[in-house]
Amino acid sequence: MPGQAIVFQPHTHDALHRGIRQIVGPVRATLGPLPRMVACTTQFAEPPEMLDKGSIIARRIVQLADRDADMGAMLVREMLWRVHTLAGDATATAAVLFEAVYSTGRQYLASGGNAMRLRDDLNEGARVIVDTLAEDVIRLHGAEALTRAAHTVSHDVALAAPLGQIFDMLDEAGQVDVRTSYTRDTYWEYIDGAYWPGGLLLPAELKDRRIELENPAVLLTDFTFAEPRAIAPAIECAVRAGLKTLVVLAENISEQTGAFLAANRTQAGFMVYAVKLPEQYRDRAGTLEDLRLLLGGRPFLKAAGDSLERMRPEHFGGARRVWADRDYFGLSGPKGDAAARADHIDRLRGQVSRADDLERRAMLRDRLGRLMGGSAVLWVGGLTTHDAKQRKQAAESAVETMRAIARGGVLPGGGIALRNCRAALETWACDCANTDRRAALRALLAGIDAPAHAILENAGHLPGGLLAHADACGPGFGIDVLTARPKHMAEAGIVDSADALMTAVKCAISAAATALTIDVLVHRPKPAMALEPGG
Amino acid sequence: MTNHVLALACDRESAALYAARTSGLFVSHDVGGSWVALFDASAVLAGQMATAISVSGAQILAGIPGGVARSVDAGRSWVISQFTRPAPAISALVMHESGTCLAGTLEDGLFASHDGGQTWQPRNYGLTDPCVLSLAQTDDGIYLAGTASGLYVSRNDGNSWSRASFPVRSASIAGLAISRDGSWLCAAEDAGLWVCDPASENWSHLTPEGVPVGLVAASSGIIAAATDEGLLVSHDGTSWAFSADLPVGSPSALCMVDDHICAALGNIIYTGALAGSGAHPER
């Protein structure tokens with residue numbers, strides 16, 4: 001087994017910086033509207049994976065051969081994944097910002113500066129940047145402004161208009177399903193009401209059937225009906241109450257139960273269908289609660305030991321319209337208590353805003369979106385199947401960015417919002433004799449300039465002269481990299497998600513400040529690759 | 001057979017008064033003195049119930065069972081738009097000069113049209129209560145929807161809705177009107193009449209405590225509020241007096257035309273001068 005390695009200064013910063021550059025390099029290439037792609041090898045001799053998202057690129061870099069440099073790379077990797085988890089975007093900006101702050105900060109430490117005091121000043125400076133950004137946030141209203149923002153986000157004209165229209169109608173909570181179009185066109189449709197995955201429970205030969213029912217009663221259960229006698233009390237109750245149509249939401253039904261329902265469907269004046277409960281396994285209880293509030297009535301749950309023996313007509317919920325096909329079921333005009341539903345929506349909104357994990361937030365937002373009374377389906381086409389697949393992935397990413405824009409507004413794009421923080425930072429450090437703070441200022445100024453430089457370099461421009469030209473045009477001006485001309489970024493619709501940018505600033509500066517405090521690297525002994533039997 | 005009045009509306013330009021009844025749609029050009037049946041011009045609509053009205057010049061939208069009838073020539077000819085199944089019961093209609101029209105329904109939420117009422121689509125994003133009782137629009141394109149459990153606002157042509165900060169939780173908003181200064185007047189059945197300054201979204205209570213208000217209308221600085229006891233009228237929003245000559249009972253429809261106020265009780269429409277001379281039965 002190899003022995004432990006311990007690395008001291010001046011090698012520590014060199015090693016960390018080597019690793020940081022290794023991971024920031026490929027991520028940096030994806031920044032801006034004219035990015036380069038990163039190809040990643042795949043298993044089983046498949047074509048390389050083409051990547052343009054910083055978080056995914058970072059995720060693919062698992063371990064560098066150089067163990068010292070690997071520690072620096074993993075610090076950046078962890079920070080980028082955190083930005084992705086919190087904001088879902090702006091990872092490339094965070095990577096570039098991190099590298100610039102670290103690079104400038106370590107020069108100060110090499111000249112004898114104190115790392116801990118520098119860290120505190122960098123974190124304080126980050127707060128100044130975030131506060132300044134917060135003052136510049138612009139809220140977008142109307143399909144036109146949102147379409148311009150969507151174009152900046154997606155770099156795809158055909159996608160921009162549908163995205164602008166969708167987010168003019170839906171807010172950040174809205175449910176947007178992105179699907180591959182059956183044609184080459186990209187378009188969207190509004191779906192009234194709510195729908196879930198989980199289709200009709202019918203025999204295989206009737207699987208492609210679609211039903212649309214008016215004013216059905218709905219029985220909400222999470223039972224698996226293995227025997228017809230288990231479901232019979234509900235049908236008897238519905239028939240006795242004079243109900244014409246019944247939908248049974250259930251986990252599953254057996255073939256015999258299906259045949260029993262089919263036999264009852266043949267009775268004149270009464271229809272009964274079974275529909276599979278939504279497949280939201282991660283939050284089944286929450287989904288059942290949402291359905292109860294939409295439909296009204298009383299749910300019958302396995303966990304509560306319920307049975308249908310004592311069913312009464314008031315236990316049925318209902319909706320004006322229920323539809324179901326092989327894969328989905330949906331409803332509109334829910335008959336549950338509207339006031340209770342409004343309170344539930346407020347509670348869910350609070351939970352979404354407090355959720356600090358992207359996955360949990362997405363799950364809660366998915367539930368919230370289905371309660372809002374409408375949703376959108378974005379159909380993305382392409383010239384080839386591969387093209388359609390790529391555009392669908394780009395559309396899914398753009399939807400998340402547009403959601404962040406709808407939630408937190410936008411800031412001028414092209415790295416200009418960060419450059420606009422220069423004056424606030426200089427005021428913060430003005431007349432300060434504290435050398436640590438002056439060093440922090442230098443590092444932060446380098447950091448806030450770095451994204452604009454990277455965007456222009458990626459587009460093949462020399463940043464220095466162009467940015468000076470933009471600065472001379474006045475506040476808010478930056479370079480439109482497509483034309484290499486100065487433009488007022490916000491007015492031109494060249495914007496970034498404010499939430500994502502602020503998250504990137506906080507995470508990148510905080511992580512760089514912490515990385516600068518590392519003085520010694522200690523490597524654990526490498527584990528043996530294989531154990532002897534019985535060893 | 002009953003011939004209840006379900007809605008009243010007036011055209012500001014021509015001062016024509018329209019009445020939606022269980023027997024059809026009627027118009028009066030002499031403030032209720034005489035009435036002409038408008039649905040009789042259409043073989044399909046003749047005898048059909050009208051449930052709601054919105055009028056702007058020669059363009060008329062009338063709620064009928066399952067859809068909306070539209071006329072662009074003051075009722076001489078009609079085109080019917082049937083909405084999606086199940087057939088909705090239209091409870092309120094508004095029409096904006098931009099071509100945006102909204103139809104509220106009692107169980108199916110809202111339908112919107114952006115081509116003057118030719119095509120309609122459901123638009124219920126954010127509207128968590130599908131029982132819409134009343135609609136109103138401001139001159140600057142803000143739409144209000146009163147539902148059985150609260151007030152909703154749309155600032156994007158009725159495409160999506162958000163819950164307004166109405167002070168009474170889950171109040172049933174049966175009547176809405178916009179006052180001369182642009183304030184929102186909101187008749188919350190059990191909670192009385194409220195006014196909101198749209199700039200600050202500050203609400204204040206207008207009518208005496210404990211008086212339920214079903215409907216509200218406003219014109220020329222005068223506000224009329226329909227209560228169980230009759231019609232309350234105020235010239236300043238603070239002092240209220242019951243309108244004379246109107247029988248006790250809660251009006252089912254209310255509107256103001258020219259310098260007159262019109263209220264319907266059962267199948268009778270009462271009109272009165274806004275100056276306060278009282279209301280007189282006309283039909």
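Below, chains carry the letters A, B, ... as their sequence lines are ordered, and counting in each starts from 1. All values below were derived from every heavy atom in this structure, side-chain atoms included, with hydrogens, water molecules and symmetry-related copies excluded.
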(Q) Does any backbone or side-chain atom of B:Ser149 lie under 4.5 Å from a heavy atom of chain A? Answer side chain, backbone, both or neither. (A) side chain

Q. For A:Ala173, is it the side chain, the backbone, both or neither that has a heavy atom under 4.5 Å from a heavy atom of chain B?
A. both

Q.
Taking every non-hydrogen pair under 4.5 Å, which of A:Asp168, A:Leu294, A:Asp337 racks up the most with chain B?
A. A:Asp168

(Q) Counting only heavy atoms not in A:Glu214 (residues, nucleotides, ligands), do more than 12 fall under 6.0 Å from its CD? (A) yes

**Q.** Approximate separation, where rounding is to 0.5 Å, of B:Asn159 CG and A:Ile166 CD1
**A.** 12.5 Å

Q) Is it the backbone or the side chain of A:Asp343 that comes under 4.5 Å from a heavy atom of chain B, or both, or neither? A) both

(Q) Taking side chain as everything from C-beta outward and backbone as N, CA, C, O, which of these in B:Arg85 sits under 4.5 Å from a heavy atom of chain A? Side chain, backbone, both or neither. (A) both

Q: Calculate, to the nearest 0.5 Å, the distance between atoms OG1 and NE2 belonging to B:Thr128 and A:His344 respectively.
A: 11.5 Å

Q) For A:Asp327, does the CG atom sit with more than 12 other heavy atoms under 6.0 Å from it, leaving out its own atoms? A) yes

(Q) Does atom CZ (A:Arg210) have a neighbourhood of more than 12 heavy atoms from anything else shown, all under 6.0 Å? (A) yes

(Q) A quick test of your reading: do over 12 heavy atoms of other residues, nucleotides or ligands sit less than 6.0 Å from CG of B:Asp139? (A) no

Q | Heavy-atom pairs under 4.5 Å with chain A, option from B:Asn124, B:Thr147, B:Asn156, B:Leu127 with the top count | A | B:Asn124

**Q.** Side-chain (B:Asp129) to main-chain (A:Ala338) donor-acceptor, under 3.5 angstrom
**A.** no

Q | Contacts of residues 164-174 of chain B with chain A (heavy atom under 4.5 Å) | A | B:Arg169, B:Ser170

Q: Under 4.5 Å heavy-atom distance to chain B, tell me which part of A:Leu170 shows up: side chain, backbone, both or neither.
A: both

Q) Counting only heavy atoms not in B:Gln121, do more than 12 fall under 6.0 Å of its CD? A) yes

Q: Work out which heavy atom in B:Ala87 is nearest to a heavy atom in A:Arg320; give both atom names and the distance.
A: O-NH2, 3.0 Å

Q.
Heavy-atom cut-off 4.5 Å, strictly under: side chain, backbone, both or neither for A:Leu371 against chain B?
A. backbone

Q) Quick check: does any side chain N or O of B:Tyr125 sit under 3.5 Å from a backbone N or O of A:Met169, one acting as donor and the other as acceptor? A) no

Q. Between the side chain of B:Arg163 and the main-chain N/O of A:Ala342, is any donor-acceptor distance below 3.5 Å?
A. no

